Amino acid sequence: MKGAIKYILASLILVTVVCSGIFYYISTNLSNEKIKASLISTLEDHIHGADVSIGRIDYRLGASIRFEIQDLNIKRKEIKPIHKLLFIRKATARIPIWSIFFKGATIDIAASSPQISYYKYKDGSNNWTSKKKKSLNQKTKSPQKHQVRNRISLPVFLSKSKINIRSDDITIFYNTNDGTKGNLTISKFLIKNISLKEPIAFEIRSLIDIAIANERSFSGHLLLVGELDIPIFLREGLIKSKIDLRLTNNQLSGSTIPIPNIRSEIILSSKTKEKSKEPYLNAELKCTLEEISDELNANVIIGKTIEINEVSGSISILEIGKLLKVNTKHFDFDKSKIEISGAANLFPSPSLDLNFQATNNIKYTFFENPIHIGISARLHKQKLKIELPLETLSGTGTLSLDASLPNMLMPISLRDLSKVKLDATLDRIKLTEDDIQKIVDSNPLNLDKDKVDDLNKISKPSKRPASSIQGTKSSMRKEQSPMPSVELILSGEKLAIGKSQFNLSGLITAKDNTFSSNNLSLKTDSGHIKADFVSKKGSDSTVTQFDISMNKIPFKLFRSILPKDLKKTSGLTDTRLNGTIIADDGQIKYDISMKSSIQKGALKNFKIKNYMTDYIEQIPILNKKLSEKDIELSNSFKQLTLLGQFKEDHYQLSKISFTAPRNRFHIRGRGELFPLNQKKTGSISLSFKDNTGDIGKILKKHTGTNGFPIYLQGTGLSLEPNYRYTIEKISKLSSKLKIK
């Protein structure tokens, strides 16, 4: 027992002597300046061309060795202007002394507010890459055939210890030659209990805010959970890691598209290319969009370049619609998905080569008519092409889009597209008159009928010439365009509305909040329609000015939009419409001029004979001498003319003219109507003249003229005959004739 105590005491004395010697050696041979000089030399050796400065170093001995570094600044001195690489305001390390002699302890390393800068130059280099050329006389070591991978050797006490690394408020500044610049902020970086003998688990949480092109930014909450095989890294220099990445609460400034939460499973490993022997990181990526229950897979290569290969996966179209808050009521997606395939380069020159294809056609119900829509798209480099083939209404069609993208991987909003070209081609599409009627009845302008009584409060449109389609820039406050410049090319062959067939062609353009047409034309067998319009969207309203001319167009083409009594009107029309429409705060204001003439047609739904019979029955000098058989008034006409000015609060009809075949009779008149106001009374004054019939002969005999006046009154479009007015006028004429 005494011997054992003796050996224990001897061991303690030996340890004390050794520790005292170590403390004495460190205290006499190490100083702050020596450590500072050694650290600067080491960093400059490992970062070629770097200019390293340290404000202050302090180390303390006690139960632990504590190092503190202040104002560590690393710059690239060979670049003018000098660019920063790394700046750390304060870094500390604590190593327990006893971990050197025993099984190890916990080593704490912390850095406060580090700043990292990355600059990419026009020649492709960056501030972390030395521009210094190697000397021609510099000797290079030839690779050995059986070269062994370098192993990392560490002090024994580190292999027994655990390490905690923490850094708060990390800022990464970046500026690339394509105009992308900004900063990435990581609020907390923490890895605990790093063991050098077994794989470690780590967790990183951060609120990120990344500035991207065009003064936009991406923000969200980042969570990284994973494991890293430290032993294999120390033995062989290889990286093997499994990572679970989550991005939540994502927001992209300027984007009209919501971004779903993202969850990715990543298997990370380091490899070497066979030919170039260049090392790189390989990441097998499995990505899930949490609001869209589908999966995307890809393989990512991270080296001198960052490449994404073997992209595959699918996304539910229905779930995309829900995410975008699209009204899917009239859609049947039939479990259709968008299949994605392709590849991408992220660095140094971002470009995409992705293909998108719908697995099944989408069915859209358009006023009880099914439209089957296919989807295919390709995003190649900076070009986007989308095609939507259509099958519907006994015909087919294709809507295609070609657009150029700016220097970014994906468009954030419509404004990010440039040089957009749309091509709409239709073939043998047929619409019935019932289809058109349903569209008209659906109130496509979405007028608020509850505001009709407030029409008197609406200020009248400007009195500038209605025929002008140039518009005035001074009345529109210029704002940033919400849309890119767009060209829409329209073409259609053998299209039909009811039994009327026509061809369609033209160009519609959109630029800087202005829509306009060029050579918009609709041709039928007998004539054509031409239309020009300019529509400007301002801060509070949209002003549209238009000019439409029709030449020998079958009037039946417009049956669905006409009042009931005029629906079956036949004949060929020459019509000119021009004016201004203003959409302002949910209300529609307009000022439209019309000159319309229809030749050789008939009012098939409007029985002139029945209408005039009611009048004749009220006139004593006629009802006693004429029977219904004597009244020969045909619905056919040689020409029907209507001239007028139409505004939202009243219609001014300056000329109404109906001329029967062979000029047997004619009706002339004018009037003013208030279609949406039930408080004001409208009226139409007409003059009926019978040139060859019995009505005219009797009137001529008793009144001296072959016609009589007609006066219609009422609110809205409901007008009733004022028989008293007609009788009084005829009585006066009859009395004057008798006096003579």
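Just so you know, residue 1 is the first one in the sequence shown, and it goes up from there. Being a predicted model, the structure only gives us computed values, none of them experimental.
Here CZ of F333 is found 12.5 Å from CG of N361. Values are rounded to the nearest 0.5 Å. From L490, atom CG reaches atom OG1 of T425 across 9.0 Å, with rounding to the nearest 0.5 Å. Note: F356 CZ to I386 CD1 = 8.5 Å, rounded to the nearest 0.5 Å.
Between S314 and L296, the shortest heavy-atom distance links the atoms N-CD2, 4.0 Å. Minimum interatomic distance between S516 and V534 (heavy atoms only, all atoms of both residues): CB-CG2, 4.1 Å. When all heavy atoms of A343 and N309 are compared, the pair lying nearest together is CB-OD1, 4.1 Å. The shortest non-hydrogen separation linking S404 to K383 is OG-NZ, 3.0 Å. The minimum heavy-atom distance linking D427 with L495 is given by the pair N-CD2, 4.2 Å. Residue N250 comes nearest to P260 through the heavy atom pair ND2-O, 2.9 Å, listed as atom of the first residue, atom of the second, then distance.
Between R378 and D353 there is a salt bridge, with a side-chain nitrogen of the basic residue lying less than 4.0 Å from a carboxylate oxygen of the acidic one. Using a 4.0 Å cut-off between charged nitrogen and carboxylate oxygen, K536 and D512 do not count as a salt-bridge pair. Salt-bridge check for D402 with K385: passed, with a basic side-chain N closer than 4.0 Å to an acidic carboxylate O.
Counting only N and O atoms by type, the side chains of Q645 and S593 include a donor and acceptor under 3.5 Å apart. A side-chain N or O of S535 and one of T544 form a donor-acceptor pair less than 3.5 Å apart. For the 3.5 Å distance criterion, the side chains of T573 and T575 qualify, holding a donor opposite an acceptor. Side-chain contact of Q599 with S597: a donor-acceptor pair under 3.5 Å is present, judged by distance alone. S521 and S505 are not linked by any side-chain donor-acceptor pair at a separation below 3.5 angstrom, with hydrogens and angles left out of the test. Side-chain contact, T359 with Q357: no donor N or O sits under 3.5 Å from an acceptor N or O. Remark: the N249 side chain and the H221 side chain contain an N/O donor-acceptor pair separated by less than 3.5 Å.
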What verdict does the side-chain contact (heavy atoms from CB on, under 4.5 Å) test give for I306 and V300, after you've listed the backbone C-alpha separation in whole Å, the side-chain angles of each residue and the deciding distance to 0.1 Å?
CA-CA 7 Å; I306 301 178; V300 183; 4.3 Å; yes
Could you please spell out the steps behind the side-chain contact (heavy atoms from CB on, under 4.5 Å) verdict for D423 and L399?
CA-CA 6 Å; D423 195 334; L399 177 63; over 6 Å; no
Verify salt bridge (charged side-chain N to carboxylate O under 4.0 Å, His left out) between D547 and R576, making sure each step is shown before the conclusion.
CA-CA 7 Å; D547 194 335; R576 177 79 179 272; 2.6 Å; yes
Take D532 and L520, measure what side-chain contact (heavy atoms from CB on, under 4.5 Å) needs, and give me the verdict at the end.
CA-CA 7 Å; D532 290 308; L520 197 59; 6.0 Å; no
Let me see the working for I315 and L289 under side-chain contact (heavy atoms from CB on, under 4.5 Å), right down to the final yes or no.
CA-CA 9 Å; I315 300 177; L289 307 179; 4.2 Å; yes
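With sequence neighbours excluded, the residues satisfying ring-ring contact (aromatic ring centres under 6.0 Å, His included) with F658 are F637, F665.
At most 12 heavy atoms of other shown residues, nucleotides or ligands fall within 6.0 angstrom of atom CG in N519. Other residues, nucleotides and ligands contribute more than 12 heavy atoms inside 6.0 Å of the CD atom of Q652.
In this structure a side-chain-to-backbone donor-acceptor pair under 3.5 Å is missing from S596 to L642. Side-chain N or O atoms of S316 include none that pairs as donor or acceptor with a backbone N or O of K337 at under 3.5 Å. Formation of a donor-acceptor pair under 3.5 Å by the S336 side chain with backbone atoms of A358 is not found in this model. Between the side chain of N345 and the backbone N or O of S351 there is no donor-acceptor pair closer than 3.5 Å. Without hydrogens or angle criteria, S517 side chain to A531 main chain gives a donor-acceptor distance under 3.5 Å.
Ring geometry for Y651 against F646 counts as perpendicular: the plane angle is over 60°, on a 0 to 90° scale with 30° as the lower cut.
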